2 protein chains.
Amino acid sequence: MGTDTLSQIFFALSDPTRRKILELLAGGEKSAGDLSKPFSMSAPAISRHLKVLEQAALIERKVDAQWRRCSLKPEGLMPADNWVSQYRKFWADRFSTLDDYLKDIQKKGSSTDE
Amino acid sequence: MGTDTLSQIFFALSDPTRRKILELLAGGEKSAGDLSKPFSMSAPAISRHLKVLEQAALIERKVDAQWRRCSLKPEGLMPADNWVSQYRKFWADRFSTLDDYLKDIQKKGSSTDE
DNA sequence: CTTTTAATTAACTGATTAGTTAAATACATT
DNA sequence: AATGTATTTAACTAATCAGTTAATTAAAAG
């Protein structure tokens, strides 16, 4: 994976469960248990996803009695956003919106993608 | 990793060698051999990194005699950019620039990071 | 003080990753 | 036709990942 900040962030984002967790936390603070419920996955599995997100500085876990109060640290995404932004100028010429792009790739490779 | 588009893109970006390759390609089309030179890594290793980037639709490889002409497909980053952009509003309040954020985290956790 | 609740850590398994060297492919050059 | 060049594929290894169940920790509640 690489141990630098950007690698950790992008790696954390490369899993659908972890992205979903971030989306849930965008709705406000939640306990580890709350975060487990929407997934058909054991609590330890979620716990380790939370650790990955925490180490990437994308969330924060505060101990509150036997609960872990998890909250989003959206500013943790800034390095990733900044890295990607280097490339915006390249695509801005040809595609003005994501929809443009998605239509374009659907037109071409019409395989069973997402 | 997950097999959906976003997972593939973020996973591709989670490796420093692959990010470096994209940066090299931002300077213009290069052969697989050209791309190998800056790295202390075998050609097959680079070849597989290129495959990961190609499958994530971040680069294109065209066959030209015994060369593979690799070029950046920056628009492949659009889905990632779009996903991250959901969170911009959250950090925009507190941090206006990446530097603000980097200074902030240096101030606090002054451990041996990166 | 015993039980219940919330969550993590430990130990394990199977799959995937990132690298290696050696072999194969494909085209260019002589 | 034989050799050299560019690159990928094959086969292998060591490390990491994502999940599981069982055990542990820590605090709340009775």
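Every chain is numbered from 1 and lettered A, B, ... according to where its sequence line falls, protein lines coming before strand lines. Fair warning: this is a prediction, and the values are worked out from it, not measured in the lab. When reading the values below, keep in mind they use all heavy atoms of this one structure, side chains included, and skip hydrogens, waters and symmetry mates.
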Colleague: Using whole Å, report how far NZ of A:K30 lies from P of C:dA6.
Modeller: 17 Å
Colleague: Under 4.0 Å between a side-chain N/O of A:H49 and OP1 or OP2 of D:dC17, yes or no?
Modeller: no
Colleague: Less than 4.0 angstrom between a side-chain N/O of A:K51 and OP1 or OP2 of C:dA7, yes or no?
Modeller: no
Colleague: If you look at every strand shown and take non-hydrogen atoms under 4.0 Å, does B:R69 touch a base, only sugar-phosphate, or nothing?
Modeller: nothing
Colleague: Can you tell me how far P of D:dA18 sits from NZ of A:K20, to the nearest Å?
Modeller: 18 Å
Colleague: Looking at B:R48 and C:dA18, is any side-chain donor or acceptor paired with a base atom of the opposite kind under 3.5 Å?
Modeller: yes
Colleague: Counting side-chain heavy atoms from CB outward, which of C:dT8, C:dA18, D:dT9 is closest to B:R18?
Modeller: C:dA18
Colleague: Need to verify one output field. Residue with the more 5' nearest nucleotide on DNA chain C, B:S40 or B:V63?
Modeller: B:S40
Colleague: Could you check which of D:dT5, C:dA7, C:dG19 has an atom nearest any side-chain atom of B:Q66?
Modeller: D:dT5
Colleague: So, OP1 or OP2 of C:dG19: does either fall under 4.0 Å of a side-chain N or O from B:S42?
Modeller: no
Colleague: Calculate the interatomic distance between A:L13 atom CG and D:dC17 atom C1'; express it in whole Å.
Modeller: 17 Å
Colleague: Whole angstrom is fine here: how far is it from NZ in A:K62 over to P in D:dA27?
Modeller: 18 Å
Colleague: Please pick, from D:dT8, D:dA18, C:dA7, the nucleotide with the shortest atom-to-atom distance to any side-chain atom of B:S47.
Modeller: D:dT8
Colleague: Taking 4.0 angstrom as the limit, do B:D34 and B:K37 come out as a salt bridge?
Modeller: yes
Colleague: Distance check: side-chain N/O of B:S31 vs OP1/OP2 of D:dT7, anything under 4.0 Å?
Modeller: yes
Colleague: Nearest to the A:A32 side chain among C:dA7, C:dG19, C:dA28, which nucleotide is it?
Modeller: C:dA7
Colleague: For A:T17 and B:R61, take the nucleotide of DNA chain D holding the closest heavy atom to each; which residue's nucleotide lies nearer the 5' end?
Modeller: B:R61
Colleague: Ignoring hydrogens, what is the shortest heavy-atom contact between B:Q8 and B:T3? Give both atom names and the distance.
Modeller: OE1-O, 3.0 Å
Colleague: Whole angstrom is fine here: how far is it from CE in A:M1 over to C1' in C:dT17?
Modeller: 12 Å
Colleague: Round to the nearest Å and state the distance from A:D15 atom CG to D:dC17 atom P.
Modeller: 12 Å
Colleague: What I want to find out is whether A:D81 reaches A:R88 closely enough, with some N-O distance under 4.0 Å, to be called a salt bridge.
Modeller: yes
Colleague: Could you check how far CG of B:D34 sits from P of D:dT7, rounded to whole Å?
Modeller: 7 Å
Colleague: Can you work out whether A:L50 or B:A45 has the more 5'-proximal nearest nucleotide on DNA chain C?
Modeller: A:L50
Colleague: Does this structure show an ion pair linking A:E29 with A:R69, if we count only N-O contacts that are shorter than 4.0 Å?
Modeller: yes
Colleague: Pick base, sugar-phosphate or nothing for B:F39, based on heavy-atom distances below 4.0 Å to the nucleic acid.
Modeller: nothing
Colleague: Once you round to the nearest 0.5 Å, how far does CG of B:L35 lie from NE2 of B:H49?
Modeller: 11.5 Å
Colleague: Whole angstroms only, please: what is the CG-P distance between A:L53 and D:dA18?
Modeller: 11 Å
Colleague: Would you find a donor on one side and an acceptor on the other, under 3.5 Å apart, between the side chain of B:R68 and the backbone of B:V63?
Modeller: no
Colleague: Select from B:W67 and A:F11 the residue whose nearest nucleotide in DNA chain D is closer to the 5' end of that strand.
Modeller: B:W67
